[in-house]
Amino acid sequence: QVQLVESGGGSVQAGGSLRLSCAASGRTFSNYAMGWFRQAPGKEREFVAVISRGGVGTYYADSVKGRFTVSRDNAKNTAYLQMNSLKPEDTAVYYCAADHSLSLSVTTSGYDYWGQGTQVTVSS
């Protein structure tokens with residue numbers, strides 16, 4: 001089992017920044033690719049970004065490319081999502097997830113463990 005706890009959400013004005021953290025415990029953190037997803041009210045959970053086990057490989061949704069940066073610190077068992085130039089349409093609950101496979105999955109079904117989510121609200 002892997003336990004994931006997100007933090008760092010909050011309310012910000014458009015154009016602002018937030019950094020989300022995802023602290024992991026349980027099994028070896030570096031054995032998992034880490035993904036970020038988000039879910040807005042009334043919408044399906046959607047892929048945001050993913051980072052490979054070692055942190056070299058990353059992939060982003062087109063909607064956040066150039067504004068968001070995913071990173072990880074395996075020594076601290078923590079993944080991060082730096083969000084800059086935030087827009088009102090970024091408002092959602094953000095989730096981190098762990099994937100034991102070697103792929104960089106962009107679908108929810110590709111992940112084994114999920115955090116409880118953290119709310120991000122961007123006002124115009």
Side-chain angles (χ1 to χ4, degrees):
Q1 285 279 6
V2 175
Q3 292 77 43
L4 303 173
V5 178
E6 301 96 336
S7 61
S11 297
V12 65
Q13 289 192 329
S17 298
L18 285 172
R19 188 176 82 153
L20 305 183
S21 298
C22 174
S25 60
R27 295 187 176 178
T28 305
F29 180 65
S30 58
N31 284 347
Y32 294 85
M34 296 299 297
W36 288 93
F37 289 75
R38 66 187 182 186
Q39 188 166 18
K43 295 188 176 182
E44 293 187 352
R45 194 169 298 189
E46 66 173 2
F47 168 77
V48 174
V50 60
I51 187 166
S52 63
R53 296 178 174 190
V56 175
T58 59
Y59 186 73
Y60 297 90
D62 288 343
S63 59
V64 307
K65 201 172 296 182
R67 299 188 298 122
F68 290 11
T69 302
V70 61
S71 62
R72 66 190 296 160
D73 185 338
N74 285 347
K76 295 183 177 180
N77 293 342
T78 303
Y80 304 96
L81 185 67
Q82 177 67 43
M83 306 186 295
N84 298 329
S85 303
L86 283 161
K87 304 175 182 180
E89 50 263 44
D90 294 319
T91 295
V93 177
Y94 283 71
Y95 299 88
C96 66
D99 173 15
H100 193 249
S101 75
L102 294 174
S103 62
L104 296 182
S105 180
V106 300
T107 61
T108 57
S109 60
Y111 290 82
D112 306 298
Y113 304 101
W114 291 84
Q116 83 290 347
T118 185
Q119 176 71 46
V120 171
T121 303
V122 184
S123 58
S124 58

hydrophobic_cluster_shared for V93 and Y111, side chain cutoff 4.5 Å: yes
Would one find more than 12 heavy atoms of other residues, nucleotides or ligands at under 6.0 Å from atom NZ of K65? yes
I want to check a possible cation-pi pair here: R19 against Y80, using under 6.0 Å from ring centre and within 45° of the ring axis as the test. yes
When you compare the side chain of S30 with that of R53, does any pair of heavy atoms fall below 4.5 Å? no
Shared hydrophobic cluster, Y94 / V122 (ILVMFWY, side-chain heavy atoms < 4.5 Å): yes
Qualifying disulfide bond (SG atoms under 2.5 Å apart) pairs, either residue in residues 36-124, two or more places apart: C22-C96
To the nearest 0.5 Å, what is the distance between OG (S11) and CG (L18)? 8.5 Å
Check: S101/S103 side-chain N/O donor and acceptor closer than 3.5 Å: yes
Would you check if the side chain of Q116 reaches a backbone N or O of V5 as a donor-acceptor pair within less than 3.5 Å? no
Heavy-atom closest contact (N84 atom, S17 atom, distance): OD1-OG, 2.9 Å
Looking only at heavy atoms, what is the nearest atom pair of L104 and A33, with distance? CD2-CB, 4.4 Å
Heavy atoms only: give me the nearest V2-A24 pair and the separation to one decimal. CG1-CB, 4.4 Å
Let me confirm one number: the CG-OG1 distance from L86 to T121, rounded to the nearest 0.5 Å. 10.5 Å
Membership question, hydrophobic clusters at under 4.5 Å side-chain separation (ILVMFWY): are Y95 and Y60 in the same one? no
What I want to find out is whether D90 reaches K87 closely enough, with some N-O distance under 4.0 Å, to be called a salt bridge. no
From N31 atom CG to H100 atom NE2, the distance as rounded to the nearest 0.5 Å: 5.0 Å
Do V48 and M34 belong together in a cluster built from hydrophobic side chains that touch within less than 4.5 Å? yes
What's the separation between atom CZ in R38 and atom CZ in R45, rounded to the nearest 0.5 Å? 13.0 Å
Measure the spacing between CZ of F29 and OG1 of T78 and express it to the nearest 0.5 Å. 6.5 Å
What pair of heavy atoms forms the shortest contact from W114 to T108, and how long is it? CZ2-O, 3.6 Å
Looking only at heavy atoms, the pair that brings L20 and V120 closest together is CD2-CG2, 4.1 Å
Any chain of hydrophobic side-chain contacts (each under 4.5 Å) joining L81 to V50? no
Nearest heavy-atom approach of S85 to R67 is O-NH1, 3.0 Å
Value rounded to 0.5 Å, distance of CZ in F37 from OG1 in T107: 6.5 Å
Test the R27-Y113 pair against the cation-pi criterion, namely NZ or CZ under 6.0 angstrom from the six-membered ring centroid and within 45° of the ring axis. no
